[in-house]
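Report on one structure; see the data block that follows.
Residue numbers count from 1 along this sequence. Quick note: numbers below take in every heavy atom, side chains included, and nothing from hydrogens, waters or symmetry partners. Just so you know, ligand 1 is whichever comes first in the structure, and atom 1 is the first atom listed for that ligand.
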Amino acid sequence: MRRVTILGATGSIGRNTVDLVARADDLSTVALTGAGNIALLAEQAKRLGAELAVTAHEDRLEALRAALAGTGIAAAAGRAAVIEAASRPADWVMSAIVGAAGLEPGLAALRQGATLALANKESLVCAGPLVLAEAARHGATILPVDSEHSAIFQALMGENRSAVERVIITASGGPFRTWPRERMARATLAEAAAHPSWSMGQRISVDSASLFNKAMELIEAREFFGFAPDQIEVVVHPQSIVHAMVGFADGGLMAHLGPADMRHAIGFALHHPARGPVPVARLDLPALARLEFEAPDPERFPALRLSRAVMEAGGLSGAAFNGAKETALDLFIAGAVGFLDMAALVETVLDGLWAEGALGESPASLDNVRVVDHLSRQRTRQAAAARAG
Ligand code: NDP
Ligand code: MG
């Protein structure tokens, strides 16, 4: 029996992971974590027969205990309890908490040597060198779960890494792919969260509309695979069928295709190194008929340019980028800033921190990352207040 833990079990990735784990008969569940959705967390814990269920919200402990009464499943609450759950011996841990809050639990899972299925892209964006060093120190394997990175990982299998010339990450283009800038400036939260091809959590869906998600994925690819920034390209592909391509020295491209269903990438990581059954729809190519590709528009989607500047600057720029982006997204969700203000705020904050020389150190310790994360969030709120006033 392989023992698995799912961090962020109640989210979009988490629910898909629970679905796959429930279908397997050679897995046992150590711990599940969630935050606000207590009813679903308790239901999942009972369904998988987990040993422990944890909510990140300290004040929801009684509600979780009540929902698990009589089951024998232990309940705990709070940030420290989530980290403790990640530290419990397990063979495979899914990291699917949203945001920088996923970093520490992921590190805890690596420290106990578990294979980390990494959906939480913020971990690599904020602290790539720290995450990889921790994995190496404890002999832990990281398997990417972001669909593009799972695709790159699969296209690289059996290949000579030194023969890689470039990687091409695809972007659906999001709901505003064809919208003029003036209309994007007035976009509502509901419009931004309505992804045309993928069903995902609200935050990543809005990030897909601004291409901040793709911007994060460029940094993620650089950190995880070690590609140089100018080797990583983005192409808009509205059908979301080709997830990524790897180009080799002989000009050949290896593409990974699949339906827009995260259970493929999750299932790949769950069964790795074997290829197990995954219940995704099989592609019907004649029915699809067309696969289109186009260049992203840098004017309407400045996130991509910012991401390149972050990769070039290095150091703690990724942590600042993510902290500013998360805060700008909070402000957009709260209705305090417009859709295009998000990129403008992130740029203002990064420019300020770069001018002060505040991001030069390497993200080699959690303290460094925390300080910059906090600072960039504070600066973003200040910049938003200044724009409003
Ligand atoms: P969701 O918002 O759907 O789920 C987030 C999960 O994290 C939920 O279980 C939520 O609990 C929990 N959570 C929220 N805040 C905290 C916190 N402060 N501490 C601990 N747990 C918390 O997100 P997604 O599933 O969409 O995304 C998860 C991660 O995977 C993100 O990093 C995202 O970028 C990445 N990813 C997602 C993809 C997708 O298809 N959704 C694709 C590729 C990457 P609750 O719901 O109970 O409040
Ligand atoms: Mg992705």
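- Between the side chain of His264 and the backbone N or O of Pro259 there is no donor-acceptor pair closer than 3.5 Å.
- In terms of N/O distances under 3.5 Å, ligand 1 is not approached by Ser147.
- The nearest heavy-atom contact from the protein to atom 36 (N) of ligand 1 is Ile204 CD1, 3.6 Å.
- No donor-acceptor pair under 3.5 Å is formed between the side chain of His256 and the backbone N or O of Gln154.
- Taking every non-hydrogen atom of Met200 and a distance limit under 4.0 Å, the qualifying atoms of ligand 1 come out as 39 (C), 40 (O), 41 (N).
- Closest to atom 18 (N) of ligand 1 among all protein heavy atoms lies Ala101 CB, 3.6 Å.
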Asp207 and Lys325: CA distance, side-chain angles, deciding distance, salt bridge (charged side-chain N to carboxylate O under 4.0 Å, His left out) verdict: CA-CA 9 Å; Asp207 280 350; Lys325 191 274 299 175; 2.5 Å; yes
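- No more than 12 heavy atoms of other residues, nucleotides or ligands shown are found within 6.0 angstrom of CD on Glu361.
- Considering backbone and side-chain atoms alike, Gly11 places an N or O below 3.5 Å from some N or O of ligand 1.
- In this structure, the protein non-hydrogen atom closest to atom 20 (C) of ligand 1 is Ala56 CB, 3.4 Å.
- Annotation: side chain to side chain contact (heavy atoms under 4.5 Å, CB included) contacts of Val98 (sequence neighbours excluded): Glu122, Arg203.
- For atom 48 (O) of ligand 1, the candidate residues are Gly36, Ser123, Ala260; the nearest heavy-atom contact is made by Gly36.
- Distance check, rounded to the nearest 0.5 Å: OG1 of Thr33 to CD1 of Ile97 gives 4.0 Å.
- Side-chain polar atoms of Gln378 and His374 form no donor-acceptor pair below 3.5 angstrom.
- Protein heavy atom at the shortest distance from atom 28 (C) of ligand 1 is Ala96 O, 3.4 Å.
- Each of the atoms 3 (O), 26 (O), 41 (N) of ligand 1 lies under 4.0 Å from some heavy atom of Gly201.
- A donor-acceptor contact shorter than 3.5 Å links the side chain of Gln112 to the backbone of Ala90.
- Looking at Arg2, its side chain does come within 3.5 Å of a backbone N or O of Leu270 through a donor-acceptor pair.
- Closest to atom 21 (N) of ligand 1, if we only count protein heavy atoms, is Ile97 CG2, 3.5 Å.
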Residues His272, Phe153; criterion ring-ring contact (aromatic ring centres under 6.0 Å, His included); working and verdict: CA-CA 11 Å; His272 185 269; Phe153 187 91; 5.7 Å; yes
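- Closest to atom 27 (O) of ligand 1, if we only count protein heavy atoms, is Ile13 CG1, 4.2 Å.
- Side chains of Thr380 and Thr327: a donor-acceptor N/O pair is absent below 3.5 angstrom, by distance only.
- Distance alone, capped at 3.5 Å, is enough to place a donor-acceptor pair between the Arg282 side chain and the Val280 backbone.
- Per-residue contacts place Asn120 under 4.0 angstrom from the following atoms of ligand 1 (heavy atoms of the residue considered): 32 (O).
- The Mg ion (ligand 2) has Asp146 OD1, Glu148 OE1, Glu217 OE2 as its protein N, O or S neighbours under 2.8 Å.
- In terms of N/O distances under 3.5 Å, ligand 1 is not approached by Gly34.
- Scanning all protein heavy atoms for the shortest distance to atom 13 (N) of ligand 1 gives Ala35 CB, 3.8 Å.
- The closest approach between a heavy atom of Arg203 and any atom of ligand 1 is not below 4.0 Å.
- Residue contacts with ligand 1, taken as heavy atom pairs separated by less than 4.0 Å, involve Met262 solely via side-chain atoms from C-beta onward.
- Nearest-heavy-atom check against atom 5 (C) of ligand 1 across Thr17, Asn16, Leu41, Val98 picks out Val98.
- Between the CE atom of Met1 and the OG1 atom of Thr29 there is a distance of 9.0 Å, given to the nearest 0.5 Å.
- For atom 3 (O) of ligand 1, the closest non-hydrogen atom on the protein side is Ser12 N, 2.9 Å.
- A distance-only check finds a donor-acceptor pair linking the side chain of Asn368 to the backbone of Ser362 [under 3.5 Å].
- Just one residue in the list Glu217, Glu148, Glu326, Glu223 forms a salt bridge (Lys or Arg N to Asp or Glu O under 4.0 Å) with Lys121, and that residue is Glu217.
- Looking at ligand 1, you'll find an N or O of Asn37 within less than 3.5 Å of one of its N or O atoms.
- Under the 4.0 angstrom criterion for non-hydrogen atoms, Val82 is not in contact with ligand 1.
- Of the options Arg79, Gln202, Lys121, the smallest heavy-atom separation from atom 34 (O) of ligand 1 is shown by Lys121.
- In summary, Arg181 and Glu299 do not engage in a salt bridge, as defined by a charged side-chain N under 4.0 Å from a carboxylate O.
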